[in-house]
Protein chains: 2
Amino acid sequence: MTMLRNTRQRQAVLEALRDTRTHPDAAWLHQAVRRQLPSISLGTVYRTLDALVRDGVAVTIESAGQATRYDFRHDEHHHAVCRHCGAIFDVAVRDVPRPKPEALPGGFQVADVRLEFHGICAACQLSEANRHGEASTTTP
Amino acid sequence: MTMLRNTRQRQAVLEALRDTRTHPDAAWLHQAVRRQLPSISLGTVYRTLDALVRDGVAVTIESAGQATRYDFRHDEHHHAVCRHCGAIFDVAVRDVPRPKPEALPGGFQVADVRLEFHGICAACQLSEANRHGEASTTTP
DNA sequence: CTACTTGCAAAGATTTTGCACCTCA
DNA sequence: TGAGGTGCAAAATCTTTGCAAGTAG
């Protein structure tokens, strides 16, 4: 089996992710971590995030055509994603019902349940109402 | 306002998507539609899929680092995604509970609820058990 | 007619990888 | 010391876009 090492790079990425509530993407985290470790590469950030996700320490939030964003797994919660500006909000929903076993494909082993509410955030509803169209893109 | 035209390309993409249960990606659909319209371009497929999604006729299923996959919106159903091979299965779960209004960010307007079960499908559990490791990647 | 569409090809963006050099355990 | 990890830069993917030419209404 492979052994995971505890390197400064991994520490830094983990801490940066844990201390952020903006559901950042890899590039954002890379910039953030550079303040501590100026030489860390984007590739390492990706590799670290991969490991965190595989370990179940973090989860990903994907939006079509956008960079994957990462979320440190605090308590059970889910996400509201704004179609307009891409903002991601935490939503406290506990006890999401699992489907009846017969609804799942035979033998499928569920490791993770994701519930996402897609729609338009308040700010974007306003800007839509005013100037008729146009998107204000708020990236992490 | 812009008016949507009914072109052969759009017809073909819509039909190809409607008649498929594999949750295909854009490239797969492009190949499929080429049998009818050999000259259709991948760009057009992407543009058409975009329109279908905006119209609510289709939904996307994103997996980190993978091509976005598309699903014609039949009845209310959700998805089980295999981490190993990427296969996507339909799961019949009706009446997914909406969060209490106060759980959502103020004023957020929900347009779409997505529930995804991530895990390992039966086939991949077997191949994991046998040869200890290794992934069989089944792309659409 | 003419505003919307398409094909094409090039540009963009995101993510992965090979390799030689480090470094934690 | 040696199995992992890192940096760098190039490559691989996936998706979007500008533009000239086509076409539905």
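Convention: sequence-line order gives letters A, B, ...; per-chain numbering from 1.
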**Student:** Does a side-chain N or O of A:R10 approach OP1 or OP2 of D:dT6 to a distance below 4.0 Å, or not?
**Tutor:** yes

**Student:** How sharply is the helix from C:dC1-D:dG25 to C:dA25-D:dT1 bent, taking the axes over five pairs at either end and rounding to 10 degrees?
**Tutor:** 50°

**Student:** Identify the two heavy atoms, one from A:S41 and one from A:H30, that lie closest to each other, and give their separation to 0.1 Å.
**Tutor:** C-NE2, 3.5 Å

**Student:** Considering only heavy atoms, which members of residues 33-42 of chain A lie under 4.0 Å from some atom of DNA chain D?
**Tutor:** A:S39, A:I40, A:S41

**Student:** Give, ordered by number, those residues of residues 43-53 of chain B having at least one heavy-atom distance below 4.0 Å to an atom of DNA chain D; if nothing qualifies, reply none.
**Tutor:** B:Y46, B:R47

**Student:** Starting at the 5' end of nucleotides 20-25 of chain D, put B wherever the base has a protein heavy atom under 4.0 Å, S where only the sugar-phosphate does, and a dash everywhere else.
**Tutor:** ---BBS

**Student:** B:Q66 CD to C:dT16 C1': how many Å, rounded?
**Tutor:** 11 Å

**Student:** Heavy-atom distance under 4.5 Å between the side chains of B:H118 and B:E116, does that happen here?
**Tutor:** yes

**Student:** A:R83: which residues meet the side chain to side chain donor-acceptor pair (under 3.5 Å) condition with it, sequence neighbours left out?
**Tutor:** none

**Student:** Determine, for A:D112 against A:R73, whether the closest basic-nitrogen to carboxylate-oxygen distance falls under 4.0 angstrom.
**Tutor:** yes

**Student:** What residues join B:V91 in its hydrophobic cluster, counting side-chain heavy atom gaps under 4.5 Å, either direct or through other members?
**Tutor:**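 Reading the cluster by chain and number, B:V91 sits alongside A:F89, A:V91, A:V93, A:V96, A:L104, A:F108, A:V110, A:V113, A:L115, A:F117, B:F89, B:V93, B:V96, B:L104, B:F108, B:V110, B:V113, B:L115, B:F117.
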
**Student:** Is A:E15 salt-bridged to A:R10, going by a charged N under 4.0 Å from an acidic O?
**Tutor:**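 No, this pair does not count.
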
**Student:** How many Å lie between CH2 on A:W28 and C1' on C:dT15, as a whole number?
**Tutor:**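 One finds 20 Å between C1' of C:dT15 and CH2 of A:W28, rounded.
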
**Student:** Using atom CD of A:Q11 as one end and atom C1' of C:dT23 as the other, report the distance to the nearest whole Å.
**Tutor:** 15 Å

**Student:** Could you tell me the separation between the CD atom of A:Q9 and the P atom of D:dG4, rounded to a whole number of Å?
**Tutor:** 17 Å

